[in-house]
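Below is one structure, written out as structure tokens; the observations come after it.
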Amino acid sequence: RDHAAASALVTMLSDKNARVQSFAAIALGRIKSPAALPELLRLLEENDNKDVYLRHALVMGLAGCGDAKSLAALSHNHLARVRADSIRAVYDLPLVEAMPSLIAQLSKPIDDTIAEPIRRLLYLRLVYAAHRYGDESAAKSLVEFAADQSAPVDVRAVALKAIENWEKPSWIDPVLGYQRKALRRDH
């Protein structure tokens, strides 16, 4: 992994060809170049989900280049797509130290510009971040989310089920289907 290549790869993010941009983003993520974060974010915002393959490459670049703190900060971004991709990256990696940032997002609605199936999966990530990695305040956030009439009914039901199983979350991640450790709460 050659960090000297990072500046050349950042320059390639401005190439006119989306494939070149994609490979540059993925390469930056693999060499873990934190200096590339602003340019990756700029291109993610500029792409605005027009090219889903480029978006995926940029998210992979962000996931590789960013630390938990910087990725968690993106979950508060004003752009719905950036916020969505940050939620996905923090949960899917998983960045346990950034889960409190996701849990805090339970009280903030997912923007309606995000397609319904994706919005539902984002809500599920937030619910299960609270259930699998949260403390007692996360349980309170789940109760408040379940009571929120504006949240999707089916996800509110999942939040209630998570509260019911609070002490023993499954070792299988319910969103991704992977075996993952979760907090064990034996009270």
Count I, L, V, M, F, W, Y as connected when their side-chain heavy atoms are under 4.5 Å apart, and connections chain through other members. Are [X] and [Y] then in the same cluster?
| X | Y | answer |
| --- | --- | --- |
| M60 | Y53 | no |
| L44 | F23 | no |
| V10 | I26 | no |
| I103 | L142 | no |
| L121 | L102 | yes |

Judged by atom type as modelled, is there a donor-acceptor pair below 3.5 Å linking the side chain of [X] to the main-chain atoms of [Y]?
| X | Y | value |
| --- | --- | --- |
| D135 | S137 | yes |
| S86 | V82 | no |
| T11 | S7 | yes |
| N165 | K168 | no |
| Q179 | I172 | no |

Can you confirm whether [X] sits close enough to [Y] that some side-chain heavy atom of one is under 4.5 Å from a side-chain heavy atom of the other?
| X | Y | result |
| --- | --- | --- |
| R132 | D173 | yes |
| L9 | S33 | no |
| S107 | E144 | no |
| V59 | R88 | no |
| R120 | I110 | no |
| H76 | Q105 | yes |
| Q149 | R156 | yes |
| W171 | R180 | no |

Heavy-atom pair with the smallest gap, counting every atom of [X] and [Y]:
| X | Y | answer |
| --- | --- | --- |
| H131 | A162 | CD2-O, 3.0 Å |
| M99 | V90 | CE-O, 3.5 Å |
| E39 | S14 | OE2-OG, 3.6 Å |
| G66 | L71 | O-CD1, 4.0 Å |
| L106 | A130 | CD1-CB, 3.9 Å |
| P38 | A35 | CD-O, 3.4 Å |

On the 0 to 90° scale, with breaks at 30° and 60°, tag the Y123-F145 ring pair as parallel, tilted or perpendicular. tilted
Residues pairing under side-chain hydrogen bond (donor to acceptor under 3.5 Å, both in side chains) where one sits in residues 110-119, two or more places apart or in two chains, turn out to be D111-T113, E116-R119
Nearest-0.5 Å distance that lies between atom [atom1] in [X] and atom [atom2] in [Y]:
| X | Y | atom1 | atom2 | result |
| --- | --- | --- | --- | --- |
| D85 | L79 | CG | CG | 10.5 Å |
| K108 | L126 | NZ | CG | 10.5 Å |
| D48 | L43 | CG | CG | 11.5 Å |
| L40 | R42 | CG | CZ | 9.5 Å |
| E46 | D51 | CD | CG | 11.5 Å |
| D92 | I87 | CG | CD1 | 11.0 Å |

Determine whether E45 and N77 satisfy the following criterion, side-chain contact (heavy atoms from CB on, under 4.5 Å), listing intermediate values before the conclusion. CA-CA 11 Å; E45 290 176 3; N77 194 289; 3.9 Å; yes
E136/K140 ion pair, N-O < 4.0 Å: no
